[in-house]
J.: 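Next up is a structure, given as structure tokens.
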Amino acid sequence: MKSKLVIYNTLTRTKENFTPINPPFVGLYVCGPTVYSDVHLGNCRTFVSFDLIYRYLLHLGYKVRYVRNITDAGHLEGDQDEGDDKFSKKARLEQVEPMEIVQRYTLGFHHIMQLFNVLPPSIEPTATGHIAEQIEMVKTIMNNGYAYEVNGTVYFDVEKYSKSHNYTVLTNRQLEDLLANTRDLGGQDEKHGRLDFALWIKAKPEHIMRWPSPWGWGFPGWHIECSAMSSKYLGDTFDIHGGGMDLAATHHTNEIAQSQACHHVQPARYWVHTNMLTVNGARMSKSAGNGFLPQELFTGNHPLLERGYSPMTVRFFMLQAHYRSTLDFSNEALDASDKGYKRLMNAIALLDKLTPAATSDFDITNIRERCYQAMNDDFNSPVLIAELFEAVRIINTVYDGKGSLDQQNLDMLKTLIRDFVFDVLGLTEEVAQTDDFGKLMDFIIRLRLDAKNNKDYATSDKIRLQLQELGIQLKDSKEGTTWSKV
Ligand code: AMP
Ligand code: ZN
């Protein structure tokens, strides 16, 4: 199976056979979150997509070193090399240490990843923990003639680099177009060229997060952290570099330039970019203010939500789209995913109740083959899920006594579910609302409704608050009351 995996490579804009540099080892680097605020559901989609990729590579038997960084320094307002950094700004507003902000949101991020059953990476390096490596890299880039210092800030010289390299190799954009879309330098600007970007930034007196360097006190530019950390842990050229599509034009373009200017090689063989989660067609983002927090989605506490959805329903919803397609958020789509996820889990619950027959009406080998074909075709999870629903149909048919499976096919079916539903898709069995616990919840909800109808609001509030203390959130709507675990 291994040799058949095909991955769409942004760098070449084609699907390519996946051949690791040093099999069975695979180096995977994914740009991680910036931890000055909560991750929104869009960020989660990207990490769930790479979790699928990581899980499938592991399933194929590769020994994956998965590095996903934490950006905890030097992230300035906008993409320009100026303004306040977001950590210091928030720390000042809340009168706490910047590292308290970092700690709070790193823990929050880990908690959300656990709820979504996202496997932890092998290494999770932080920008602040790798200042020395970043300074070394800036020094080498300067020695190689691709960077210059002005008043304590070091800039990457894009014009000089472009003379011998293709700066826009990742996006194929024209340099002239880029220049046309970039602000004029003006007399005050220290940069030599409009496209130059900062590798190291001089700290203003009010800037709290600062480190000593050969160019005075300052802090690293955003792009250099990923170049320094990926090469430290995975080597100058490694197998796969990933991140959201929005990172390709600037962050990843600059990472490639930095690595070429420092190590004279491409940092990664395959560049993988995940598409965006959108709300009414617009990209979900922190700055646009249309970002759902995962907790809001679980509880249903958001004006755009009709009810809450469990983490596995949301994970299933994300996996029902291919990672390179946009995924638009809607209550209807989530309702459909909720139904689909429950149908899948209900069928799996029946598996142990099936008894083998002497003959088989179904050949599971074919389905298994098609599941691999789907995943080998650039991790096509929606096609995989469609194949798994064929397995669901078989389970239900056999359970209803309308078909049979022999021992061998029944065993294969169980292995198929374990491999693809649990290991590869990373779904887990949540307490279904149709089992005993669900029935108990229905009973409690009915009691609360009776209390409400009797105008006994003290009791109905008491039930809601007690459940909340137990981590169960009720959501009332015109269709009735639903519950979800927080
Ligand atoms: P950030 O914390 O903003 O640096 O983003 C962390 C990761 O989430 C990056 O890989 C982004 O490309 C990705 N990302 C941001 N917005 C979205 C979105 N709406 N849908 C999917 N991924 C996103
Ligand atoms: Zn990065």
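Just so you know, ligand 1 is whichever comes first in the structure, and atom 1 is the first atom listed for that ligand. Numbering starts at 1 and runs along the sequence shown.
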J.: For ligand 1, which atoms, with element, lie under 4.0 Å from some heavy atom of Leu247?
T.: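 This gives 9 (C), 10 (O), 12 (O) as the contact atoms.
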J.: I'd like to know if Glu430 and Arg315 make a salt bridge, using a cut-off of under 4.0 Å between side-chain N and carboxylate O.
T.: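 Between Arg315 and Glu430 there is no salt bridge, as every charged N stays at least 4.0 Å from the carboxylate O atoms.
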J.: Kindly confirm or rule out an N or O of Met284 lying under 3.5 angstrom from an N or O of ligand 1.
T.: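 Between Met284 and ligand 1, an N or O pair is found under 3.5 Å apart.
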J.: Any N or O of Thr34 that comes nearer than 3.5 Å to an N or O of ligand 1?
T.: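 It does: an N or O of Thr34 is found under 3.5 Å from an N or O of ligand 1.
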J.: Counting heavy atoms only, which of Leu41, Val48, Thr278, Thr46 comes nearest to atom 13 (C) of ligand 1?
T.: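 When every heavy atom of Leu41, Val48, Thr278, Thr46 is considered, Thr46 comes closest to atom 13 (C) of ligand 1.
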J.: Report the part of Leu277 (side chain from C-beta onward, or backbone N, CA, C, O) that has a heavy atom under 4.0 Å from ligand 1; answer both or neither where that applies.
T.: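 It is both backbone and side chain that touch ligand 1.
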J.: Which bit of His40 gets closer than 4.0 Å to ligand 1, counting heavy atoms only: side chain, backbone, both or neither?
T.: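 Near ligand 1, His40 shows its side chain, while the N, CA, C and O stay back.
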J.: At their closest point, which heavy atom of Pro294 faces which heavy atom of Cys44, and how far apart are they?
T.: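 For Pro294 versus Cys44, the nearest heavy atoms are CG-SG, 3.8 Å.
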J.: Hey, does Asn275 sit under 4.0 Å from ligand 1 if you only count heavy atoms?
T.: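 For ligand 1, residue contact (heavy atoms, under 4.0 Å) with Asn275 is present.
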J.: Of all residues at least two apart in sequence or in a different chain, which pass the side chain to side chain donor-acceptor pair (under 3.5 Å) check with Tyr148?
T.: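 In terms of side chain to side chain donor-acceptor pair (under 3.5 Å), with neighbours along the sequence ignored, Tyr148 is linked to Asp196.
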J.: List-wise, which protein N, O or S atoms are found short of 2.8 Å from the Zn ion (ligand 2)?
T.: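 Only Cys31 SG, Cys226 SG, His251 NE2 fall inside 2.8 Å of the Zn ion (ligand 2).
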J.: For Arg68 and Gly32, indicate whether the former's side chain and the latter's backbone hold a donor-acceptor pair under 3.5 Å.
T.: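 Flag not set: sc Arg68 to bb Gly32 has no pair under 3.5 Å.
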J.: Give yes or no for whether the N/O distance cutoff of 3.5 Å, strictly under, is met between Asp246 and ligand 1.
T.: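 Such a contact does occur with ligand 1.
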J.: Taking the basic N atoms (NZ, or NE/NH1/NH2) and the acidic carboxylate oxygens, is any pair closer than 4.0 Å for Arg283 and Asp246?
T.: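 Salt bridge between Arg283 and Asp246, a charged N being under 4.0 Å from a carboxylate O: yes.
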J.: Does the side chain of Asn254 pick up a donor-acceptor pair with the side chain of Tyr167 at under 3.5 Å?
T.: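 There is such a pair between these side chains.
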J.: Report, in ascending order of atom number, the atoms of ligand 1 lying under 4.0 Å from any heavy atom of Met276.
T.: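 Near Met276, meaning under 4.0 Å from one of its heavy atoms, ligand 1 has 17 (C), 18 (C), 19 (N), 20 (N), 21 (C), 22 (N), 23 (C).
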J.: Which residues satisfy the side chain to side chain donor-acceptor pair (under 3.5 Å) test with His110, sequence neighbours excluded?
T.: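 His110 satisfies side chain to side chain donor-acceptor pair (under 3.5 Å) with Glu124 only.
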J.: Can you classify the ring geometry of His273 versus His252 as parallel (below 30°), tilted (30 to 60°) or perpendicular (above 60°)?
T.: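 The rings of His273 and His252 sit tilted, inter-plane angle from 30° to 60°.
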J.: Checking Asp157 now: which residues fulfil salt bridge (charged side-chain N to carboxylate O under 4.0 Å, His left out) with it, not counting sequence neighbours?
T.: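 Not a single residue meets the salt bridge (charged side-chain N to carboxylate O under 4.0 Å, His left out) criterion with Asp157.
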J.: Any nitrogen or oxygen of Asn43 lying under 3.5 Å from a nitrogen or oxygen in ligand 1? Just yes or no.
T.: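 Yes; the residue has a nitrogen or oxygen that sits under 3.5 Å from a nitrogen or oxygen of the ligand.
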J.: Answer yes or no: is there a donor N or O on one side and an acceptor on the other, between the side chain of Arg92 and the main chain of Ile208, under 3.5 Å?
T.: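 No: the side chain of Arg92 does not pair with the backbone of Ile208.
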J.: Consider every N or O of Gly243 and every N or O of ligand 1, then say whether any pair is closer than 3.5 Å.
T.: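 Min N/O separation from ligand 1 is not below 3.5 Å for Gly243.
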J.: Any ion pair linking Asp51 and Arg55 (charged N to carboxylate O, less than 4.0 Å)?
T.: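 Answer for the salt bridge query: yes.
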J.: Would you say Gly244 and ligand 1 have an N/O pair spaced under 3.5 Å apart?
T.: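 N/O-N/O distance below 3.5 Å exists for this pair.
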